[in-house]
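Quick note on labels: first sequence line is chain A, next is B, and so on, each numbered from 1.
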Amino acid sequence: MKKVLQDYTMKTVTIENIGKYEDEIVTVRGWLTHKRSSGKIRFLVLRDGTGIIQAILIKGEVEDEIFQLYNTLTQESSIAITGRVRREPRSPGGYELLVSSISIFQIAENYPITPKEHGIGFLMDHRHLWLRSQRQNAILRIRHTVINVARQFFDSRGFILFDAPIFTPSCCEGTTSLFRTRYFENENAYLSQSGQLYLEAGAMALGKVYSCGPTFRAEKSKTRRHLTEFWMLEPEIAFADLDEIMALAEELVVTIVKGVLKTRQKELQTLNRDIARLERVSSPFYLMAYDDAVQLLQDSGVSFVWGDDFGGGDETIISNHFDRPVMIHRYPAQCKPFYMKNDPERPEVVLCMDLLAPEGYGEIIGGGQREDSLSELEQKIAHAGLPAADFAWYVDLRRYGSVPHAGFGLGIERTVAWICGIPHVRETIPFPRLLQRLYP
RNA sequence: UCCCCAGUAGCUCAGUUGGCAGAGCAGGUGGCUGUUAACCACCGGGUCCGCGGUUCGAGUCCGUGCUGGGGAGCCA
């Protein structure tokens, strides 16, 4: 590390706190995002992960050796700048540093991501560097808050964190495709599509549990709403029924949105999010039976038949009718997985619900009340054509003290995309895995 | 798996009827005392995605393959 006139007596601070040090001399460490020059006055824009600040070099007011360093500094060079903090309305962020010295960690090579426009393919190829941009920084901070608020929500309500396995001997949902691994002797192992079945075991042991972890779907989906690897937040509650988890899901989503609005105003502004639309997200959400949603689609001119599941376009039409999230419940049994419990009053529908985010972001939550009858569950597994042996442990849960129970799964990336108001889920996770993308 | 669109300088793109390969940014050199994706002047920079075909002549037209993007189905 090359050091130039480093003064170790100075305070090292982060940019987000720079306002506390007005008129003091401090050191900020970070990366050069940009530089501009007007001859005898030169500007350096530094980011440190917490914010950006402009530093200013004035010929004659700073040692000439420091002034000339400007010429050697390239975009993304890592440096420490020491200078006096002053309030300056012309500077982005409201403060600037009047430079007294600069020390250099490294002069960066020619940086591929320039201040001009880039295509999505190029940016995804450089995802490891793209993460440094203000936009990605804002999205990932909001992701952090979404997960953090959600976990606090469950922790404060007596839920126990219960991590489900990633390797599973068989599929949880039967219909969708699985990633197969061949490590275990004499048997296949698959990457988890959902932790739910294991969470049901957890609920019978601990009462109220939740997990937050990655899930994998080997679907040939190429849309703005799909990732091959995504994160899901799944609560499961013993003795709960459909109504109870519908209320819980609503409370959770309201809490997450309020939490982001409270702590991430700056990030939402960076993303040009229409805050008013998020402020409208409050209880009660709209509640709608599947039958009424079908009626709504048919009234909107869509030729939709009772018994089908909604496609992405159908979900958009439904959610655009509402300015808040809408919860749709009691789907036909044929649309939903085997473990759903039928409505005793209407056996052709199951006690399930999907939560559709507004603005066409689609389904962010899916869940329901689980089948708790031993004989019914055995029949459903057989009817779905699933290997009974793989589900023996799951069926045991109905053999030894079965109780009504319910839970749901919230898709983290879709939730973050909606709250951020960005069109594609691929920017909501640090390194997205998509149909055509495994690198970097 | 199917449908649509694209592939030209490091990046984003233009390229007319088939007739010398272009611009902005990035990089380099110089200028400028308040810049905001600064600006001004000059310089270097090409497997026009691959293969085959039509033609005197193909970045341009035809066929085919590959890669990427968007969407459908499937799903959170």
Round to a whole Å and report the spacing from [atom1] of [X] to [atom2] of [N].
X: A:W130; N: B:rG10; atom1: CH2; atom2: P; value: 22 Å
X: A:F122; N: B:rG69; atom1: CZ; atom2: C1'; value: 16 Å
X: A:L129; N: B:rG10; atom1: CG; atom2: P; value: 18 Å

[X] (side chain) and [N] (base): donor-acceptor pair under 3.5 Å:
X: A:S221; N: B:rC74; value: yes
X: A:E96; N: B:rG34; value: yes
X: A:S37; N: B:rC32; value: yes
X: A:Q54; N: B:rU35; value: yes
X: A:R225; N: B:rG70; value: no
X: A:H226; N: B:rC75; value: yes

My understanding is that a pair needs two contacts under 3.5 Å, Watson-Crick or G-U wobble. By that rule, which nucleotide pairs with [N]?
N: B:rG10; result: B:rC25
N: B:rC61; result: B:rG53
N: B:rC48; result: none
N: B:rG18; result: none
N: B:rG68; result: B:rC5

- Message: Aromatic contact between A:F105 and A:W31, with the criterion being ring centroids under 6.0 Å apart: yes or no?
- Response: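 No - the distance between ring centres of A:F105 and A:W31 does not fall below the 6.0 Å cut-off.
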- Message: For the aromatic rings, using the six-membered ring if either is Trp, is the centroid distance between A:F310 and A:F304 under 6.0 Å?
- Response: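 Yes, the ring of A:F310 comes within the 6.0 Å limit of the ring of A:F304, centre to centre.
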Is a donor from one side chain sitting under 3.5 angstrom from an acceptor on the other, for [X] and [Y]?
X: A:N17; Y: A:T14; answer: yes
X: A:Q295; Y: A:D299; answer: yes
X: A:Q152; Y: A:D155; answer: no

Roughly how many Å apart are [M] and [N], using the [atom1] atom of each and rounding to a whole number?
N: B:rA14; M: B:rU29; atom1: P; result: 32 Å
N: B:rA21; M: B:rA58; atom1: C1'; result: 13 Å
N: B:rU60; M: B:rG7; atom1: P; result: 11 Å
N: B:rG59; M: B:rG15; atom1: P; result: 16 Å
N: B:rA26; M: B:rC11; atom1: C1'; result: 7 Å
N: B:rG34; M: B:rG70; atom1: C1'; result: 44 Å
N: B:rU16; M: B:rC61; atom1: C1'; result: 15 Å
N: B:rC43; M: B:rG22; atom1: P; result: 14 Å

- Query: Hey, which of A:Q196, A:Q369, A:R370 is the one that makes side-chain hydrogen bond (donor to acceptor under 3.5 Å, both in side chains) with A:Y339?
  - Reply: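 When side-chain hydrogen bond (donor to acceptor under 3.5 Å, both in side chains) is applied between A:Y339 and each of A:Q196, A:Q369, A:R370, only A:Q196 qualifies.
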For [N] and [X] - does any side-chain N or O of the residue sit under 4.0 Å from the phosphate oxygens OP1/OP2?
X: A:R42; N: B:rC32; result: no
X: A:R217; N: B:rC74; result: no
X: A:H118; N: B:rG10; result: no
X: A:R224; N: B:rC75; result: no

Minimum-distance nucleotide to [X] side chain [options: [options]]:
X: A:K40; options: B:rC32, B:rC75, B:rG70; value: B:rC32
X: A:R36; options: B:rG69, B:rU33, B:rU35; value: B:rU35
X: A:N110; options: B:rG69, B:rU12, B:rG27; value: B:rG27
X: A:E88; options: B:rA26, B:rA72, B:rG34; value: B:rG34

Checking all strands, does [X] fall into the base, sugar-phosphate, or nothing category for heavy-atom contacts under 4.0 angstrom?
X: A:I113; answer: nothing
X: A:L227; answer: base
X: A:H126; answer: nothing
X: A:P112; answer: nothing
X: A:F43; answer: base

- Return the orientation label for the A:Y394 and A:F391 ring planes: parallel under 30°, perpendicular over 60°, tilted otherwise.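 Because their plane-to-plane angle is over 60°, the rings of A:Y394 and A:F391 count as perpendicular.
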- Query: What class does the angle between the rings of A:Y290 and A:W306 fall in, given that below 30° is parallel, 30 to 60° is tilted and above 60° is perpendicular?
  - Reply: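 Judged by the thresholds at 30° and 60°, the geometry between A:Y290 and A:W306 is perpendicular.
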- Message: Let me spell it out: for each of A:G409 and A:Y111, pick the nucleotide of RNA chain B with the closest heavy atom. Which residue's pick is nearer the 5' end?
- Response: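 It is A:Y111 whose nearest nucleotide is closer to the 5' end.
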